[in-house]
Amino acid sequence: MPRLEDLNPVQRAAVEATDGPVLILAGAGSGKTRVITHRIAYLVSRRKATPDEILAVTFTNKAAAEMKERAARLAATAEAPAWVSTFHAACARILRAEAPLLGFERNFSIIDEADSLALLRRLLEEARLPEAGHAEAVRARLEQAKNDGVSPEELAQGAVDPRQAQLAEIYRLYQQRLRAANAMDFADLLLMTCELFRARPEVLARWQARARYLLIDEFQDTNRSQYLLVKALSAQSGNLCAVGDEDQSIYRWRGADIRIILDFERDFLAARVFALEQNYRSSKMILAAAYAVIRNNRERKPKRLWTANSAGEPVRCFTGVTERDEANFIAREIERLVEAGLARPSEIVVFYRVNAQSRVLEEALSARRIPYVVVGGLRFYDHREVKELLAYLRAALNPRDVMSLGRALAAPPRGVGAKTLALAGRVAARDGLSPLEALAKLEGAAHVPLGAAREAAAFSRWMVGLGARAPAAPVQALIEEVVSRSGFLEYLDRQADGAARRRNLAELFSSAAAFDAEHGPGGLESFLERAALAADGRPPEETGGRVALMTLHTSKGLEYRAVFMAGMEEDLFPHARSAEEPTELEEERRLCYVGMTRARELLYLTKTLSRELYGQRSESSPSRFLAEIGDDLMVRLGAVPAARLRERPAAQTYVDYADGQLPQPVGGGLAVGSRVVHHSFGLGVVRRLEGRGENAKAWVSFDGRGLKLLMLKFAALRPVAD
DNA sequence: GTCGGGTACTTTTTT
DNA sequence: AGTACCCGAC
């Protein structure tokens, strides 16, 4: 039985408001998860709902796991836990059950971004529609359309120029191709579920009954298609509880729409709103600094967190000469905190804006023998050798999945390449077979050498057999068979970093073993689904006494005693791509706010004078967010001798120098920050200069035209007076 | 047709 | 630094 006395009055009211639309505005550190888990337990204990009539949706696997665990602990009964899952996993579950209604088979594959991109590349080439744009750009736009809940037909109807019409056509072909492969991409999981609910009211009704109490976490990060889904699911019961904080909306680039939370009260006129404004996490100083940043945003509800915690220490701002200097400071300081007993390694985190920043930090920590883990970044299931091995299993399970088929056929190479596979696809379409089956029927076909045809046939028969054994076999045994029969290990050993790849394979093997132990044999389908939806091997909270390193995006929902935020520099944070557009700048600011509010007691903001990133060194200037915090909440630290600072020319142009050397101004009158004019883009500001001589390039943000990278030898940029 | 090696090119954040 | 694409060799 949940103890409501453990909650403050607003939290308690939010828990007790069980029915109808409810919006819980949960500021950072305000006990959000506590409220959600109490709410679930309360619904059950009051017999408002059985656990399996509650659907709680979160954004990440991490959050889902935590909520599930805490809710189970609260309920303290043996009852089945509520259905807690991510949006994508919930949709996958619904779609597996209803796939035939949409013209898919239940064993459909879920493809990742890399597969989606590869498919699109092939499509763009075949369809001869190069004007639609570069594959990367097309993929992003298709994803956006899907996230907005727009179908190919709707996109075609809305097209006002040939370019958009072509995009719509690509969209149509892409969907057709996916359907042929019995596959969906991430965005499809949401979109197809929406479509299903729109087209089949009786199916929707079934799921509405299955989710009589709907709870959406991180509501500020929902996109249009997620919102439509939520609205449809709750339409019957009306019991929709949205929990979020617009100040922590950081996924606009992935289709999240902050207006959804801002307009909630207009959308649901009967909505009751609870604002959790007491922060239990951070010191007064940290909260004040975070507020000093976020108050500069226009697109937010006026509100301010308060805390009964102590005043605490001021924010520390360190300036290093280079990123190595910055990293060394962080490592030294972590060492000091640990030795002084101010924090244990597991209570310390280092945040950065882009993954590329982690390398130097890792080196500095290793040098001081400080144990650390990098959370996120390249996910385990994204390693090439892991994807290759899983491709065998996916192809065996879904013989129409040509993307997995191609990947498996090439690892190790068997003399059967893209052309032969394409031919198999045509044979399959002609004879009503799956592409995998068609591979066995290529002997005698034109342009297929006999050896390749036999190889393909043997492969095909093996894989068909593997697929037949899958429903009863442990995943581990299937992997074992693939490894031994394909010569996978020998193939890995022929590669440069074979040892590391072998290790990853071993890890895959043991995670399969663990999965079998939990689920019993025949779990291949759910094993693959978990891999596709990036349920990363082990839970990241198991940092085992180590300092955590992660991007600011990954930091959401976590808290640490001591927080370091590295790279507080213009063009890195806020990122250069977001500096122009006010809405994007506001998102960067929210990201900064999210990072700062992770800290309980100590907050360090660090920056450099000069940073090398992606193999280019350039001059850096302090992030505007530092100026927003101001000096009364901050203590400045710096290893930079004042004399050296004075030596630096006032308007620094670009630099290209080895670590530790002094910057040398170069460049034909162009400087970072100077205004220039371009013959077609018009007026702009130089954001960054890189390269030398022939290769000199400039990032220039043009008024209303965005950020452009220009080769100076081609683009005549003329400086203009301010 | 397939495969391996060289070169050129692009870097935000992730379910 | 890592990947994608191009090219020449089999």
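Remember, it's a predicted structure, so these values are computed and weren't measured experimentally.
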- Between P of dT14(B) and CG of L591(A), the distance in whole Å: 10 Å

- How close or far is atom C1' of dG1(B) from atom CD of E455(A), stated in whole angstroms? 14 Å

- Item | H575(A), nearest nucleotide to its side chain (from dT2(B), dT12(B), dT14(B)) | dT12(B)

- Message: Can a donor-acceptor pair be found, under 3.5 Å and without considering hydrogens, that links the side chain of R598(A) to the backbone of V594(A)?
- Response: yes

- Query: Which whole-number value in Å describes the distance from Q248(A) CD to dT14(B) P?
  - Reply: 16 Å

- Task: Could you please name the option among dT13(B), dT15(B), dT2(B) that lies closest to any side-chain atom of V354(A)?
- Result: dT13(B)

- Task: Test the R96(A)-F108(A) pair against the cation-pi criterion, namely NZ or CZ under 6.0 angstrom from the six-membered ring centroid and within 45° of the ring axis.
- Result: yes

- Message: Using a heavy-atom cut-off of 4.0 Å across all strands, would you classify A418(A) as base, sugar-phosphate, or nothing?
- Response: sugar-phosphate

- Can a donor-acceptor pair under 3.5 Å be found between the side-chain atoms of W253(A) and the base atoms of dT13(B)? yes

- Mapping G417(A) and F59(A) onto DNA chain B by nearest heavy atom, which one lands closer to the 5' end? G417(A)

- Measure the distance from CZ on F351(A) to P on dT13(B) and round it to the nearest whole Å. 16 Å

- Item | Minimum side-chain heavy-atom gap R590(A)-Q248(A) below 4.5 Å | no

- Closest-nucleotide ordering on DNA chain B, the 5'-leading residue of L421(A) and H553(A): L421(A)

- Message: Less than 3.5 Å apart, any donor N or O on the side chain of N504(A) or E385(A) sitting next to an acceptor on the other?
- Response: yes

- Item | Presence of R414(A) side-chain N/O under 4.0 Å of dT2(B) phosphate oxygens OP1/OP2 | no

- Using a heavy-atom cut-off of under 4.0 Å over every strand shown, decide if E113(A) touches base, sugar-phosphate, or nothing. base

- NA contact type, V416(A), heavy-atom cut-off 4.0 Å: base, sugar-phosphate, or nothing? sugar-phosphate

- Item | Short side-chain N/O contact to dT14(B) OP1/OP2 from T551(A), under 4.0 Å | yes

- Item | Within the 6.0 Å centroid threshold, strictly below: F59(A) and Y251(A) | yes

- Item | Short side-chain to backbone donor-acceptor contact, E388(A) and A408(A), under 3.5 Å | no

- Separation of E569(A) atom CD from dT12(B) atom C1', in whole Å? 15 Å

- In whole angstrom, what separates Q220(A)'s CD from dT13(B)'s P? 20 Å

- Message: When you measure from the side-chain N and O atoms of N355(A) to the phosphate of dT11(B), is any distance below 4.0 Å, counting only OP1 and OP2?
- Response: no

- Message: In whole Å, measure the gap between the P atoms of dT13(B) and dA4(C) for me.
- Response: 16 Å

- Task: Would you please confirm or rule out a distance under 4.0 Å between OP1 or OP2 of dT14(B) and any side-chain N or O of T554(A)?
- Result: yes

- Query: Which whole-number value in Å describes the distance from F87(A) CZ to dT14(B) P?
  - Reply: 19 Å

- Return the value, rounded to whole Å, for the distance between atom CZ of R353(A) and atom P of dT11(B). 14 Å

